[in-house]
> 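There's a structure below that I have some questions on.
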Amino acid sequence: MVKVFPLKDTFADKFKDMFSVYYLELGCEENGEHLADEYVIPDMLKGLLRVDLIEEEGEVCGFCIYQTDSNGNDWNFKEGFGDIREIYIESGRRGKGLGKFLLYSAEMRLKENGAKQIYALAEGDAADFFSACGYFLTGEECEELGCNVFLKDASACGCNCK
């Protein structure tokens, strides 16, 4: 059985462990646990972003961090748009549809909360993942992060984008 649910205190350590592995896989030198403690979790508690976890067979194995961009957020790239900031599935569980399930859950929540459209900043394997999930390359680039902008194609969206 697969279940998606918001991050709670009982899974904070597991989330920080996964976030650290995720950052290592990205080749980032920053300490993932520190970033989770200092930025991600506090912003979640302030309601600036959401963190959902995915569980398969009773084991938490991934996360998705997302928000609706607004002036109240430090990261506000596309005002009113849903932003899939980070998505991660543990390496041994990839290729089974868990990432797509987690992504579609986040998209539905973003749309329910009024997001105009949904985008992701992606390169490499992540770009392939978002393309496979109905996102298209816009030709726009986020200069600050050096990433391409992918936007959800409204006609392919499973969450009734307009």
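Keep in mind that the numbers below use all heavy atoms, side chains included, and drop hydrogens, waters and symmetry copies. This is a predicted model, so every value here is computed, not measured. The residues of the chain are indexed from 1 along the displayed sequence.
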> Side chains of T68 and F81, heavy atoms from C-beta outward: is any pair under 4.5 Å?
no
> Is any side-chain heavy atom of K152 closer than 4.5 Å to one of F130?
no
> Under 3.5 Å, is there a donor-acceptor pair linking the side chains of D83 and Y66?
no
> Taking C-beta and beyond as the side chain, do Y119 and F77 meet within less than 4.5 Å on heavy atoms?
yes
> Got a salt bridge between E57 and K96, using NZ or NE/NH1/NH2 to carboxylate O under 4.0 Å?
no
> L48 versus W75: any side-chain heavy-atom pair under 4.5 Å?
no
> For E123, enumerate each residue passing the salt bridge (Lys or Arg N to Asp or Glu O under 4.0 Å) test, keeping only those at least two apart in sequence or located in another chain.
none
> Are I84 and C64 close enough that some pair of their side-chain heavy atoms sits under 4.5 Å apart?
yes
> Linking directly or through intermediates, with side-chain heavy atoms under 4.5 Å: list the remaining ILVMFWY members grouped with M1, chain and number order.
none
> Among residues at least two apart in sequence or on other chains, which ones pass side-chain contact (heavy atoms from CB on, under 4.5 Å) with T138?
F136, E140, V149, L151
> Which residues satisfy the side-chain hydrogen bond (donor to acceptor under 3.5 Å, both in side chains) test with E55, sequence neighbours excluded?
none
> For C61, check side-chain contact (heavy atoms from CB on, under 4.5 Å) against everything at least two apart and list the hits.
I54, E56, E90, R93, L98
> Mind checking the CE-CG spacing from M108 to N113? Nearest 0.5 Å is all I need.
12.5 Å
> Applying salt bridge (Lys or Arg N to Asp or Glu O under 4.0 Å), name anything that partners R85, two or more places apart in sequence or on another chain.
none
> Run the salt bridge (Lys or Arg N to Asp or Glu O under 4.0 Å) test against D69 and tell me which residues pass, sequence neighbours left out.
none
> Checking E143 now: which residues fulfil side-chain contact (heavy atoms from CB on, under 4.5 Å) with it, not counting sequence neighbours?
none
> Within this structure, what is the CG-CD1 distance for the pair L110 and I118, rounded to the nearest 0.5 Å?
5.0 Å
> With sequence neighbours excluded, tell me which residues meet side-chain contact (heavy atoms from CB on, under 4.5 Å) with N31.
E33, H34
> Remaining members of I65's ILVMFWY cluster at a side-chain heavy-atom cut-off under 4.5 Å?
F5, L7, F11, F15, M18, F19, V21, Y22, Y23, L26, L35, Y39, V40, I41, M44, L45, L49, V51, L53, V60, F63, Y88
> Going by the rule side-chain hydrogen bond (donor to acceptor under 3.5 Å, both in side chains), which residues pair with E38 if we only count those two or more places apart in sequence or in a different chain?
none
> Excluding sequence neighbours, so at least two apart, what forms salt bridge (Lys or Arg N to Asp or Glu O under 4.0 Å) with D13?
K16
